[in-house]
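Single-structure report; data block below.
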Amino acid sequence: MIDDALRAIVSSGDYGSLVPVLPTTDTTLGGSCPRGHDFRIARVSLGHSHLYDATTVTCEVCRELGHEHSTWALIDPFTHTAEPPGRGLALVVTPPSVRGGLGQIAVYLGPRSVADADLMICAPCRRAVLEQIRVDPGCRRRGLGRLLVAASVMRAPSDRYRWSTTPVNNDPEVLAFWSRIPFPAPSTLGTPEYCSDMRTAAGIAE
Ligand SMILES: [Zn+2]
Ligand SMILES: [Zn+2]
């Protein structure tokens, strides 16, 4: 039943019913919804997304005001699998084959990849570079990009790794994305700082 519903959405490409995701397992969300409504006043209810196979929180004020989104699915950015999950929403991590090489974190909805991030992490050099984030057009504005950044940064914590990204264009929507999410290194956003291992792995000239 659930798998049929998922298969129907994935095969039709109709992602309109997908609730947005939040990269957390904290069902209190720190006490307020993403619009800032304090749950002690706004009230919150918990539920379950069968499509994502994940816990959801609904802000009752957002719901009663008829906001486009009032329910968020909670996805743990640290939990991942090596293979597509078959059902539910899951992160699938493909580690790099060599030190400093390109790895990938993908968001799968059932058998299908709907978003992914390419990144280089070099543990000995304590460097991490986000190369690219891609989200299926039909799945945008659902928090998947934010989830991928959170999942990336968790794997190379910013107190130990120096983060940067490949060039970011000045499109307002792109800047809106980066300015809204907790990226740990605003000063090196758009200025990749590769270590020698990454340069070797990717064949980038010094
Ligand atoms: Zn709210
Ligand atoms: Zn290195």
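Note that ligands are numbered from 1 as they come in the structure, with each ligand's atoms numbered from 1 the same way. Note that the coordinates shown come from a computational prediction; the quantities given were computed from them, not determined experimentally.
- Between Glu64 and Arg43, at least one side-chain N (NZ, or NE/NH1/NH2) sits under 4.0 Å from a carboxylate O, which counts as a salt bridge.
- Listed by chain and residue number, the protein N/O/S atoms under 2.8 Å of the Zn ion (ligand 2) are Cys122 SG, Cys125 SG, Cys195 SG, Asp197 OD2, with waters left out.
- Rounding to the nearest 0.5 Å places CD1 of Ile105 at 8.5 Å from NE2 of His80.
- Residues passing the salt bridge (Lys or Arg N to Asp or Glu O under 4.0 Å) test with Arg40, sequence neighbours excluded: Asp38.
- The CZ atom of Arg146 lies 7.0 Å from the CD1 atom of Ile181; values are rounded to the nearest 0.5 Å.
- Geometrically, Arg155 engages Phe78 in a cation-pi contact defined by less than 6.0 Å to the ring centre and at most 45° from the axis.
- For the residue pair Thr166 and Gln132, no side-chain donor N or O sits within less than 3.5 Å of a side-chain acceptor on the partner.
- Ring geometry for Trp178 versus Phe183: interplanar angle over 60°, hence perpendicular rather than tilted (30 to 60°).
- Screening the protein for N, O or S atoms under 2.8 Å from the Zn ion (ligand 1) yields 4; no waters enter the count.
- At distances below 3.5 Å, not a single donor-acceptor pair connects side-chain atoms of Ser113 with backbone N or O atoms of Ala106.
- Hydrophobic cluster of Leu46: the remaining members, joined at side-chain heavy-atom separations below 4.5 Å, are Leu22, Leu29, Phe39, Val44, Val57, Trp72, Leu74, listed by chain and number.
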